[in-house]
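Below you'll find the structure, written out as structure tokens, and then a few comments.
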2 protein chains.
Amino acid sequence: MDNFNFYSPTEFVFGKDRENECGELVKKYGGTKVLIHYGGGSAVRSGLIDRVKASLNAAGVSFVELGGVKPNPRDTLIYKGIEMVRANGVDFILAVGGGSVIDSSKGIAVGALYDGDFWDFYAKKLPVTKALPIGVVQTIAAAGSEGSGDSVVTKEEGMLKRDIGADVIRPRFAVQNPALLCTLPAYQTACGITDIMAHVFERYFTNTLEVETTDRLCEALLITILKEGPRAMAEPANYEARANIMWAGTVAHNGLVGCGRSQDWNSHAIEHELSGLYDCAHGAGLAVIMPAWMEYVVDHNVMRFAQMATRVFGCQMNFENPKATALEGIKAFRRFLHSIGMPINFAELGAKEEDIPTLVEKLNPGDGWGFVPLKAKDVTAIYTIAAHASLD
Amino acid sequence: MDNFNFYSPTEFVFGKDRENECGELVKKYGGTKVLIHYGGGSAVRSGLIDRVKASLNAAGVSFVELGGVKPNPRDTLIYKGIEMVRANGVDFILAVGGGSVIDSSKGIAVGALYDGDFWDFYAKKLPVTKALPIGVVQTIAAAGSEGSGDSVVTKEEGMLKRDIGADVIRPRFAVQNPALLCTLPAYQTACGITDIMAHVFERYFTNTLEVETTDRLCEALLITILKEGPRAMAEPANYEARANIMWAGTVAHNGLVGCGRSQDWNSHAIEHELSGLYDCAHGAGLAVIMPAWMEYVVDHNVMRFAQMATRVFGCQMNFENPKATALEGIKAFRRFLHSIGMPINFAELGAKEEDIPTLVEKLNPGDGWGFVPLKAKDVTAIYTIAAHASLD
């Protein structure tokens with residue numbers, strides 16, 4: 001096991017009707033003037049934004065609001081948010097939405113305390129050291145951003161997708177009411193399930209030995225999703241299935257299951273170019289990329305993939321031919337993604353094989369890193385597997 | 001799943017040589033004058049206390065020290081610690097030790113800010129609302145106190161064991177160097193393993209339905225301990241086994257695996273009377289009590305015990321007779337405890353059957369609560385099973 005620091009100071013406030021506590025929570029964490037940040041109209045139409053405002057009013061906290069966050073959140077709205085924060089003396093950002101809204105809020109929180117262009121942080125020109133405090137009322141289970149110190153934002157000019165990571169952008173609190181997920185469209189639910197599984201797998205595939213504790217925790221979350229995911233797809237209003245997925249999604253990405261082990265975020269990086277170029281859902285892109293990545297790197301550690309196959313997907317270990325078990329596990333993963341309505345190849349995603357050179361060039365993998373360090377030729381091969389993948 | 005709050009703001013600083021960072025950590029969390037609190041001579045003899053002092057000196061943090069914490073930490077030393085804090089203007093408590101030292105530190109941290117008798121909090125006369133900040137350099141994997149908001153202290157007069165729980169006594173940081181565990185005696189190692197398993201089981205046995213995420217996380221920790229525990233017993237200096245146990249022990253008790261579910265801490269309460277009366281190790285008492293408790297309550301939910309048996313202990317499910325599987329799982333647990341050198345009945349623990357009425361009277365279970373609410377007659381029955389338990 002490697003040395004590590006684990007720090008997850010977010011207060012998770014989970015369950016029915018908990019959004020009505022967000023005013024008191026903002027006050028508890030020092031907010032006096034809030035920017036309510038949200039996405040499209042559904043949070044307004046459902047009455048959620050009104051409940052949030054009522055809770056803020058009841059706590060005597062004043063607010064301004066900025067809606068309009070799109071999936072793959074854009075720099076352009078963040079600039080607008082930063083201006084609003086400064087013009088109104090805002091001292092707390094309240095994200096009401098899913099990963100895109102939370103990530104956009106983190107961009108505003110960081111940019112508001114910096115005189116230069118906030119993109120400097122995402123361009124890795126300087127490290128993030130301070131941010132306005134952030135709270136969350138979560139409406140989608142997927143990104144894990146409610147409990148993470150990460151943010152991914154897209155620069156509209158050139159659709160460049162880049163990230164930051166720092167403990168100071170971990171939300172102070174996250175209200176998690178699974179009932180708010182019960183009206184999510186099926187496709188969005190499935191994308192979330194895929195994203196959660198990817199967050200675990202990208203920690204699971206490690207070169208660090210002797211990490212039984214985190215291996216088992218990873219597998220626990222994956223097994224849970226295999227049970228609860230299809231239930232949420234079949235019964236969208238099933239509170240219990242939504243609740244288990246929502247909590248698994250948070251634990252999957254607050255850092256716990258990656259403690260003490262090298263990780264591999266190449267699939268996320270490879271996917272980001274797809275959602276950057278085609279503006280497709282991140283989860284859908286991952287469904288196409290992750291099994292392709294697995295097939296490409298399986299020989300690097302056949303036994304680890306066989307472990308996944310047996311412990312997560314319930315495959316019988318083929319002791320004469322472990323690689324057969326490993327490949328069976330990857331197939332089972334792809335079949336699962338297909339069963340919840342995810343695309344499994346470029347055609348189903350709306351991507352084009354002829355764009356692969358462009359995708360690889362934008363990603364610019366350099367010397368690579370991770371479980372298997374990938375160079376341009378490797379990424380090309382993974383995109384090519386993804387382009388042609390089938391259930392056979 | 002029930003509504004819940006989960007808040008674990010402790011910074012875990014895990015790995016080799018990390019105790020050398022404790023000075024900077026104290027400074028980071030606002031400490032300027034530290035009380036170093038520790039137990040017997042081993043922390044001094046091993047050189048650990050000297051390394052801690054060197055780290056504090058290097059960070060420019062001054063300190064006073066108070067050793068002598070015993071297992072089942074006593075109120076008498078806490079009174080002394082509170083006096084020292086006041087006399088020396090101490091603003092930060094640094095616990096260097098295991099659960100007893102950490103729990104004693106929490107008592108001092110709470111009492112130092114209260115004009116009355118600190119025992120008032122443990123006697124549940126008033127709730128804990130403030131405490132001096134606490135840091136930990138952990139030397140035993142067992143109690144989970146390094147990441148919990150709990151403290152258990154024994155009143156020397158009458159050997160009364162009582163607890164407090166509050167987020168304000170969660171340590172600000174916990175330095176966890178598994179190498180420090182490599183010199184622990186076998187018996188203490190086994191007691192720690194037992195305590196960790198008990199912390200998981202007391203969350204696992206719930207009446208809350210639909211808690212797959214936390215069920216699987218519980219099982220992940222238990223499976224890990226079944227693998228790593230015997231390895232640490234056979235090879236005390238095995239860093240990797242110690243590391244996995246240490247991290248599993250923290251996750252077992254920081255609250256994560258109990259989220260959203262009713263719990264049952266009756267076994268801990270029943271055990272506390274044993275270690276109170278005989279001053280035996282808490283883990284050893286649990287080894288005697290937990291399987292007895294399981295046998296007594298198995299009929300309340302046979303399928304949950306069968307789930308434990310199959311998922312944790314690898315028993316084959318007997319679909320014609322699930323109770324046979326449930327009982328097989330409990331037996332497997334008792335055999336495991338015996339295999340790591342734990343007592344499994346009163347004689348092996350040094351307890352006496354004729355003391356059962358005294359034990360029950362001191363516990364005073366009232367109307368009971370938990371998975372199965374226990375009254376005096378139930379507790380008597382559990383002690384009696386524990387008195388006579390065997391491996392058959």
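Throughout, protein chains are lettered first and strands after them, A, B, ... in sequence-line order, and every chain is numbered starting at 1.
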Below 4.5 Å, heavy atoms only, C-beta onward: do [X] and [Y] meet side chain to side chain?
| X | Y | answer |
| --- | --- | --- |
| B:Asn5 | A:Arg18 | yes |
| B:Glu228 | A:Thr213 | no |
| A:Asn244 | B:Thr214 | no |

With a 4.5 angstrom heavy-atom cut-off, is it the side chain or the backbone of A:Lys16 that approaches chain B, or both, or neither?
both
Structural part of [X] lying under 4.5 Å from a heavy atom of chain A:
| X | answer |
| --- | --- |
| B:Tyr239 | side chain |
| B:Cys218 | neither |
| B:Arg170 | neither |
| B:Glu219 | neither |
| B:Val251 | side chain |

If I compare all heavy atoms of A:Gly15 with all of B:Asn3, which pair ends up nearest, and what's the gap?
CA-OD1, 3.0 Å
What's the separation between atom CG in A:Leu256 and atom CG in B:Asn254, rounded to the nearest 0.5 Å?
8.0 Å
Atom NZ of A:Lys227 with >12 non-hydrogen neighbours under 6.0 angstrom
yes
Which word best sums up how the rings of B:Phe4 and A:Trp247 line up, parallel for under 30°, tilted for 30 to 60°, or perpendicular for over 60°?
perpendicular
Under the 3.5 angstrom rule, does the side chain of B:Glu210 hit a backbone N or O of A:Ala241 as a donor-acceptor pair?
no
Highest number of heavy-atom pairs under 4.5 Å with chain B among A:Ala174, A:Ala243, A:Gly260 belongs to A:Ala243
Going by an N to O cut-off under 4.0 Å, is there a salt bridge joining A:Arg231 and B:Glu212?
no
